[in-house]
There are 2 protein chains.
Amino acid sequence: MNKEKTMNNNQHTNCCHHDNCSGNNESCVAIVPIFNHLEKSQMEEIMGVTHSVAYKKGEVIYSAGDQADSLYIVNMGRVRIYRLSEAGKEQLLRILKPGDFTGELALFNETLHEAYASAMVDTSICTVKRLDLQDLLLKYPSISLKVMAEFSRRLERAERQTTRLATEKVDTRIALFLAECLEVGSMNNEITLPMSKKDLASYLGTTPETISRKLYELETLGYIRLISNKKIQIIDLDSLLLI
Amino acid sequence: MNKEKTMNNNQHTNCCHHDNCSGNNESCVAIVPIFNHLEKSQMEEIMGVTHSVAYKKGEVIYSAGDQADSLYIVNMGRVRIYRLSEAGKEQLLRILKPGDFTGELALFNETLHEAYASAMVDTSICTVKRLDLQDLLLKYPSISLKVMAEFSRRLERAERQTTRLATEKVDTRIALFLAECLEVGSMNNEITLPMSKKDLASYLGTTPETISRKLYELETLGYIRLISNKKIQIIDLDSLLLI
DNA sequence: CGAAATCTTGACCGATCTCAACTTACGTGG
DNA sequence: CCACGTAAGTTGAGATCGGTCAAGATTTCG
């Protein structure tokens, strides 16, 4: 278990409202895609209800069972969203990058969080309270459209992942994951795994041992080359996707 | 393959606009949870942009690859939403009942459908065009809140299902599914499977053979009793959930 | 630099899939 | 309403994918 997990997660190193902080809020709000089409005056109004909070690496942002009453928008850093299965097994659901948000699940339903969120590195987050957000959405309906667009993308991804887990075998799931990492034209078809292999295993519904073995197998087949722990070169994408 | 699948899915038996149909639209709109808090005048405006369409059992409503430009709201009947894996395996994603909707995924992103929708029985559906819907959402922001609430529930479900597929074994997934079927206090703890075992298998990421064997096993353990093909009595829910 | 976590590799085993044969349920048409 | 054909469901035997456990190598980070 991570050392910082024992830290009380209410002891944030920084928790400021818009008018008494060092201007971080502005940058926070500015980068959020769901807000970035608004005018300056509206932005300022939004900044008025957002709160910027900093989390240290490993710190828990929320836990399953917590009352969900805020939207969390990542300003800087990385956030792991994971669940525990009924048997207590941890499963990585997704990783948030700056501009991504979470916490919306229960925002509209007044329920409890069903997942955990923790900072993978030192992270800065903007939060908006449920009621403040609802006011904003009612006042500026165009924000809703953005939020819904984001929701629909998330839903799409979640359902695609579900299908993969249900129908593809481990080989294929790994291959598809590698192919997705390639997306943004990287040099030499070289990708950097965005997470530890342990996390990757849980994300793909398998074990670190199997990941290790399958990657070796793919290398033997000549489809990939294992450069270092986190770096992999994709040599034959087409064959990879035909597995 | 279903016989009706060969039928051109543009040949609907009934496709009427609000002002020239037998009043079905009103009932359609009325039952939709995302609209049901509105006033009468607003309802009428909404009915003005909705279209009611009837589908015969087995008919395809949309296919993966189709341009997604409408929201589909089920008025009557049942709709199967399913995907095909890269290997061509079919996986059931969810079943829509009256009041549920689909098609929102690409509604905000102008992309293509990634799933298939087909009528499980004779079904009546209301559709709203993308642009009409966006107008409505901008005009009546409270609808957006309802839609987002529904989205977040869907997302929650999808992520829960993902976790189960990734971390639980087949026994457990079946047990959890049975337990969920029990939800609404049914007589004698007797449940009726909402789908064929073939579909159930694909929903749970397994095969009909395994479903069959596991159910028999659960009966042997005394946790359930197989009454008929689609009826199962839950005898020991607690033990069932401890598998 | 050293402790702790992650990763790798091997051996083994068991859950689940596959294939095949058979039975049962269901919808259609006479 | 029954008979028939097709799809769904069941059961068995065998194969295998992938999980588990354990030991050792490597990486990470204070």
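Atom set for the values below is all heavy atoms of this structure, side chains included, hydrogens, waters and symmetry mates excluded. Throughout, a chain's letter reflects where its sequence line sits, starting with A, and its residues are numbered from 1.
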Quick one: is D:dG18 close enough that its OP1 or OP2 comes under 4.0 Å of any side-chain N or O from A:Thr206?
no

- Short question: side chain of B:Thr167, backbone of B:Thr163 - any donor-acceptor pair under 3.5 Å? yes

- Geometric class of the A:Phe101/A:Phe151 ring pair [parallel <30°, tilted 30-60°, perpendicular >60°]: tilted

To the nearest 0.5 Å, atom OG of A:Ser239 lies from atom CD1 of A:Ile234 at 11.5 Å

Contacts of A:Gln161 meeting side-chain hydrogen bond (donor to acceptor under 3.5 Å, both in side chains) (sequence neighbours excluded), chain-then-number -> none

Here the distance between atom C1' of C:dT6 and atom CG of A:Leu200, to the nearest Å, is 13 Å

Separation of C:dC7 atom C1' from A:Met195 atom CE, nearest Å, is 16 Å

Atom CE of A:Met120 and atom C1' of D:dT28 are separated, to the nearest Å, by 14 Å

Looking only at D:dT20, C:dT6, C:dA20, the nucleotide nearest the A:Lys198 side chain is C:dT6

(message) Given the ring of A:Tyr216, does A:Arg213 sit roughly above its face, with NZ or CZ under 6.0 Å from the centre of the six-membered ring and within 45° of the axis?
(response) no

Rounded to whole Å, CD of A:Glu209 lies from P of D:dG18 at a distance of 14 Å

Within residues 160-172 of chain B, the residues having a heavy atom closer than 4.0 Å to DNA chain C are B:Lys169, B:Val170

Contact check, residues 211-231 of chain B vs DNA chain C, heavy-atom distance under 4.0 Å, returns B:Arg213, B:Lys214

With the side chain defined as heavy atoms from C-beta on, A:Thr210 is closest, among D:dC29, C:dT8, D:dG19, to D:dG19

Atom CG of A:Asp122 and atom P of D:dC29 are separated, to the nearest Å, by 12 Å

The reported gap from CG in A:Leu178 to CD in A:Gln233 (rounded to nearest 0.5 angstrom) is 12.5 Å

Between NZ of B:Lys197 and C1' of C:dT23 the distance, given in whole Å, is 13 Å

**OP:** Anything under 30° is parallel, anything over 60° is perpendicular, the rest tilted; go ahead and classify B:Tyr62 against B:Tyr72.
**Re:** tilted

- For A:Arg160, does the CZ atom have more than 12 heavy-atom neighbours from other residues, nucleotides or ligands under 6.0 Å away? yes

task: Please tell me if the side chains of A:Asp238 and A:Leu240 come closer than 4.5 Å, counting only heavy atoms from C-beta onward.
output: no

